[in-house]
Amino acid sequence: MAASTGRRRPPRSRLCGRWASSMRRRFGLWRGITGQRATIRAAKRWPRRSRSSSWRRWASSWTDRGGRHLRAPRAPCATCASGDRGAARGSAPLPYTWRMTAIRVRIAPSPTGPLHLGTARTALFNYLFARHTGGTFIFRLEDTDQARSTVAFEREILDGLHWLGMEWDEGPGIGDEPERGSYGPYRQMQRLGRYTEAADRLLEQDKAYHCYCTPEELEAERNRQEATHQAPRYNGRCAHLTAAERAALEAEGRKPVVRFRIPANRTIAFDDIVRGHVEIDTNALGGDLVILRSDATPLYHFTVVVDDAAMAISHVIRGEDHLSNTPKHILLFEALGSAVPQFGHLPLILNPDRTKMSKRKSETAVADYRAQGFIPEAFVNYLALLGWSTGTEEEILSMAELIERFDLSTVNKAGAVFDRERLEWLNGQWIRRLTADELIDRLRPFMEAELAAGRIDWLPSEGEMRALLPVVQERLPTLSAVGELIGFLFVKEVEPEPALIVPKRWDMPTTVAGLTAARHTIAEVGRVSWEADEIEPPLRRLLEDRGWKAGDLFMAIRVAVTGRTATPPLFDTMVALGYERTLARLDRAIERLGAQAATS
RNA sequence: GCCCCCAUCGUCUAGAGGCCUAGGACACGACCCUUUCAAGGUUGAGAUCAGGGGUUCGAAUCCCCUUGGGGGCACCA
């Protein structure tokens with residue numbers, strides 16, 4: 001039994017009834033309500049979660065550390081990694097209080113720019129985690145950077161997340177209400193009082209102090225440290241001022257900031273859901289931390305903690321760029337007397353050069369992708385698969401399927417380069433899965449954009465679009481490609497270069513002869529019936545009579561009629577164009593070729 | 001400089017000590033289908049699992065070191 005610890009199917013957790021039943025359905029395993037383990041028949045087919053490395057790392061740390069033998073740890077919840085770890089630790093010292101609380105996660109963007117890809121992905125992982133576990137997903141606006149925050153960005157972020165298909169249970173932007181939820185307000189600018197109040201509490205307990213150093217002095221100190229190759233760190237000059245010293249500095253007209261005392265020589269340890277055990281020495285934290293500016297407005301590290309505590313956030317799921325900041329947060333949670341949430345640090349999305357994705361080097365605004373005709377189904381699917389996979393060979397997954405399969409603890413640790421080609425492929429896959437009505441609806445704004453840009457002369461009717469759909473749907477990598485694909489149908493004239501009309505293996509006289517003959521044939525059939533199936537056979541007969549190759553004649557017609565060398569199937573295209581307009585374009589092409597021949 | 005994290009095809013990934021001669025997908029090549037473009041099908045090339053040491057009968061997998069990459073260290077978020 002001991003040997004199979006790592007492979008054992010994790011015991012059922014009360015949080016994961018849904019997971020357990022879905023696994024039972026999928027693998028036909030059954031376990032009675034007594035919790036007895038089913039016979040293991042196909043260990044290989046078990047969900048990976050039961051063998052996740054981070055979980056194993058926890059397990060080994062529990063058994064090995066401190067030279068103590070702990071009883072075999074109970075598995076964290078198979079899917080949410082949030083089982084009753086308190087119990088599992090047995091007699092091991094707890095680094096902080098673990099409480100079995102409701103799962104509450106949040107996305108806390110700052111409205112200082114357009115919705116960033118990375119924010120969208122972090123939001124998605126939080127959302128999937130919340131929905132998978134039946135937890136609460138919260139939206140909080142971190143708008144304390146008043147210089148850069150705007151309502152336009154705020155709108156864009158809200159819209160962007162909604163567009164991707166995420167709704168939250170608490171926060172602004174739900175229905176018509178200004179905000180919903182009983183932990184509000186959800187805008188930090190409306191919570192300012194709480195930060196100063198919290199800071200006062202820390203001040204009172206001497207966990208924080210006033211610091212009178214000016215930005216210039218700090219800057220000078222940093223430069224000095226840099227010059228001597230030391231780590232930048234606050235030297236604690238104001239850490240122990242006497243009342244008299246403070247009064248003197250105040251008299252100079254100095255406005256103090258509030259600094260939080262970072263204890264020296266302490267190791268902060270936490271079990272990150274995606275990374276496993278992490279330990280960081282407090283001496284590496286850069287010294288005492290400013291939590292309130294001299295104008296009394298709070299700083300990020302302080303607001304997150306105060307708010308996460310106040311909002312009873314149970315799991316902080318965020319980008320890896322915050323990993324090194326986590327000890328500061330843990331210290332603040334402790335100082336504030338709050339329960340420390342669990343952390344899960346997601347790998348970063350990378351530029352092609354493997355640096356953290358930035359707008360300088362990559363397209364980062366979700367709105368831009370939307371404008372380029374990516375659809376949310378594909379975007380969400382792609383984002384979810386950046387740094388995570390189901391462990392199976394499934395690639396195309398709807399939001400509902402992602403929610404069902406998502407598992408935070410199997411998220412990858414290494415950063416992932418954003419691959420636009422793969423996104424485009426997924427987008428094409430999802431476009432093909434759209435119903436006709438959906439696709440027509442979604443294409444409409446893109447056709448309107450074509451019109452506005454003057455690339456087409458009028459809008460197709462709903463009926464025209466519907467008729468075109470079968471040949472269009474599988475040819476669209478993005479919605480915005482629609483103009484390129486069928487725009488020629490909605491312009492008055494196409495004027496292809498005569499040289500383009502002449503197929504590679506033909507010369508100009510042959511082309512004129514070919515088009516003329518084809519024009520007659522098409523005119524004949526069209527008088528009787530104007531359908532793709534009717535047009536093709538007589539043209540094929542013509543080819544046979546003249547000994548021409550289909551590719552040549554059809555290409556000449558294609559270019560004459562559409563102005564392009566790549567189009568949807570020719571006969572469908574001509575039908576969509578209409579009898580008269582097809583003939584008119586053929587005539588015009590013949591005429592222009594003739595004129596060209598005469599001048600050369 | 002200090003601290004932390006990471007390392008499997010070009011890219012996203014599977015992998016949990018023997019199912020690995022390392023699987024899938026994107027991209028790329030060829031072929032089939034074909035009036036072009038797509039889509040689809042078949043197929044190919046592409047990874048000495050960053051390198052080196054251990055542990056083991058056996059290591060992509062566990063341990064150590066090295067190297068490389070990334071992130072963090074603000075009166076930004």
Side-chain angles (χ1 to χ4, degrees), chain A residues 6-7 44 48 50-53 56 60 108-110 112-113 142 144-145 147-149 211 213-215 218-219 222 225-226 228-234 255 257-259 272 275 278-281 283-287 289-295 297 299-301 303-304 319-327 345 347-348 350 352 354-356 382 385-395 412-419 421-426 428 432 471 473-477 485 536 539-540 543 549-555 557-559 562 564-571:
Chain A
R7 324 189 102 195
K44 267 298 147 191
R48 290 187 313 154
S50 61
R51 295 170 287 160
S52 116
S53 58
R56 287 184 350 144
S60 62
S110 176
T112 53
E142 308 217 323
T144 51
D145 185 346
R148 294 191 297 147
S149 294
C211 167
C213 298
T214 63
L218 294 171
E219 170 85 35
R222 251 196 308 277
Q225 286 165 338
E226 208 168 300
T228 53
H229 297 293
Q230 284 173 293
R233 144 179 257 285
Y234 177 62
K255 286 260 178 244
V257 300
V258 176
R259 275 187 197 269
D272 190 279
R275 264 145 233 285
V278 178
E279 290 186 0
I280 297 177
D281 200 282
N283 296 328
L285 263 31
L289 178 73
V290 178
I291 57 176
L292 247 44
R293 295 187 182 91
S294 49
D295 66 1
T297 56
L299 257 11
Y300 170 76
H301 294 301
T303 59
V304 245
E320 199 206 319
D321 42 357
H322 286 300
L323 189 63
S324 322
N325 292 325
T326 302
H345 287 94
L348 263 20
L350 272 23
R354 305 205 73 94
T355 53
K356 176 169 142 184
Y382 180 73
L385 260 25
L386 249 196
W388 177 74
S389 83
T390 60
T392 67
E393 281 171 11
E394 297 172 298
E395 306 255 336
N412 269 336
K413 294 194 257 284
V417 174
F418 188 83
D419 181 0
E421 305 223 46
R422 201 170 143 83
L423 207 213
E424 277 192 20
W425 170 75
L426 262 176
R432 271 169 230 130
V471 298
Q473 190 154 17
E474 69 181 25
R475 271 165 247 267
L476 288 176
L485 232 198
E536 186 167 355
L539 279 176
R540 295 261 175 207
L543 289 173
K549 285 211 157 61
D552 296 328
L553 209 223
F554 291 170
M555 184 51 86
I557 300 175
R558 180 190 322 280
V559 177
T562 68
R564 304 172 176 278
T565 55
T567 70
L570 182 58
F571 307 110

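Just so we're on the same page: letters track the sequence lines, and every chain starts at 1.
Contact annotation for Ala566(A): base contact, defined as any heavy-atom pair under 4.0 Å involving a base atom. Looking at heavy-atom distances under 4.0 Å, Asp552(A) makes no contact with the nucleic acid at all. If you check every strand for non-hydrogen atoms under 4.0 Å, Ser294(A) touches a base. As judged by a 4.0 angstrom heavy-atom cut-off over every strand, Gly428(A) is placed among residues making no nucleic acid contact. Contacts of Arg432(A) with the nucleic acid, taken as non-hydrogen atoms under 4.0 Å apart, involve only primed sugar atoms and P, OP1 or OP2. Residue-level contact check: Pro109(A) touches neither bases nor backbone, having no heavy atom under 4.0 Å from any strand. Using a 4.0 Å heavy-atom distance criterion, Leu348(A) is classed as a sugar-phosphate-only contact.
A distance-only check finds a donor-acceptor pair linking the side chain of Gln225(A) to the backbone of Arg233(A) [under 3.5 Å]. Between the Arg475(A) side chain and the Val471(A) main chain, a donor and an acceptor come within less than 3.5 Å of each other. Under the 3.5 Å distance criterion, the side-chain polar atoms of Asp281(A) are matched with a main-chain donor or acceptor of Asn283(A). In terms of modelled atom types and a separation under 3.5 Å, the side chain of Thr562(A) and the main chain of Arg558(A) share a donor-acceptor contact. With Tyr382(A) contributing its side chain and Glu424(A) its backbone, the two residues share no donor-acceptor pair below 3.5 Å. Put simply, the side chain of Ser389(A) never gets that close to the backbone of Leu385(A): no donor and acceptor are under 3.5 Å apart.
Distance check on atom P: rA38(B) versus rA30(B) gives 13 Å, rounded to whole Å. Comparing the C1' positions of rC20(B) and rU8(B) gives an interatomic distance of 12 Å, to the nearest angstrom. With both ends at atom P, the span from rA50(B) to rG69(B) equals 16 Å, rounded to whole Å. Rounded to whole Å, the P atom of rA77(B) lies 46 Å from the corresponding atom of rA39(B). Comparing the same atom, P, in rU66(B) and in rA27(B) gives a spacing of 41 Å after rounding to whole Å. The C1' atoms of rA7(B) and rG18(B) are separated by 25 Å, rounded to the nearest whole Å. A gap of 16 Å separates the P atoms of rC62(B) and rC5(B), to the nearest Å. rU21(B) and rC37(B): their C1' atoms are spaced 39 Å apart (whole Å).
Mapping Leu292(A) and Phe571(A) onto RNA chain B by nearest heavy atom places Phe571(A) at the nucleotide closer to the 5' end. Of the two residues contacting RNA chain B, namely Gln230(A) and Lys255(A), the nearest-nucleotide position lying further toward the 5' end is that of Gln230(A).
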Note to self: I'd like to know whether Arg275(A) forms a side chain to side chain contact (heavy atoms under 4.5 Å, CB included) with Glu320(A), so could you lay out the CA-CA distance, the side-chain angles of the two residues, the decisive distance to 0.1 Å, and finally the verdict.
What the structure shows: CA-CA 10 Å; Arg275(A) 264 145 233 285; Glu320(A) 199 206 319; 3.6 Å; yes
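Side-chain proximity of Arg275(A) to the nucleotides rC73(B), rC26(B), rC6(B) is greatest for rC6(B). Nearest nucleotide to the side chain of Ser110(A), out of rA38(B), rA77(B), rC5(B): rA77(B). Between rG71(B), rA27(B), rU35(B), one nucleotide has an atom nearer to the side chain of Ser324(A) than all others, and that is rG71(B). Distance from the side chain of His301(A) is smallest for rA77(B) among the nucleotides rC3(B), rC6(B), rA77(B). The side chain of Trp425(A) approaches rA25(B) more closely than any other nucleotide in the set rU35(B), rC12(B), rA25(B). For Ala414(A), whose side chain is taken as the heavy atoms from C-beta onward, the closest listed nucleotide among rA7(B), rC75(B), rG70(B) is rA7(B). The side chain of Val290(A) approaches rC75(B) more closely than any other nucleotide in the set rC12(B), rC75(B), rG40(B). Ranking rU35(B), rA77(B), rC5(B) by closeness to the Phe554(A) side chain, first place goes to rU35(B). Among the nucleotides rC75(B), rC26(B), rC76(B), the one closest to the side chain of Asp419(A) is rC26(B). Between rU13(B), rC6(B), rC5(B), one nucleotide has an atom nearer to the side chain of Leu323(A) than all others, and that is rC5(B).
Across all strands shown, the partner of rC73(B) is rG1(B), judged by Watson-Crick or G-U wobble contacts whose two distances both fall under 3.5 Å. In this structure rU42(B) sits in a base pair with rA30(B), meeting the Watson-Crick or G-U test at under 3.5 Å. Pairing for rA25(B) goes to rU11(B), judged as Watson-Crick or G-U wobble with the two contacts each under 3.5 Å. With a cut-off of 3.5 Å on both Watson-Crick or G-U wobble distances, the partner of rA60(B) is given as none.
The base of rC37(B) does not come close enough to the side chain of Thr567(A) for any donor and acceptor atom to sit less than 3.5 Å apart. Evaluation of atom-type donor-acceptor distances gives no pair under 3.5 Å for the side chain of Arg422(A) against the base of rU11(B).
Between Arg540(A) and rU35(B) there is a side-chain N or O to OP1 or OP2 distance below 4.0 Å. At rU11(B), one or more side-chain N or O atoms of Arg354(A) fall inside 4.0 Å of OP1 or OP2 (strictly under the cut-off). Between Lys356(A) and rG69(B) there is no side-chain polar atom (N or O) within less than 4.0 angstrom of OP1 or OP2. The phosphate of rC73(B) has neither OP1 nor OP2 within less than 4.0 Å of any side-chain N or O from Asn283(A). Applying the 4.0 Å criterion to OP1 and OP2 of rA77(B), one finds that Thr144(A) has a side-chain N or O inside that range.
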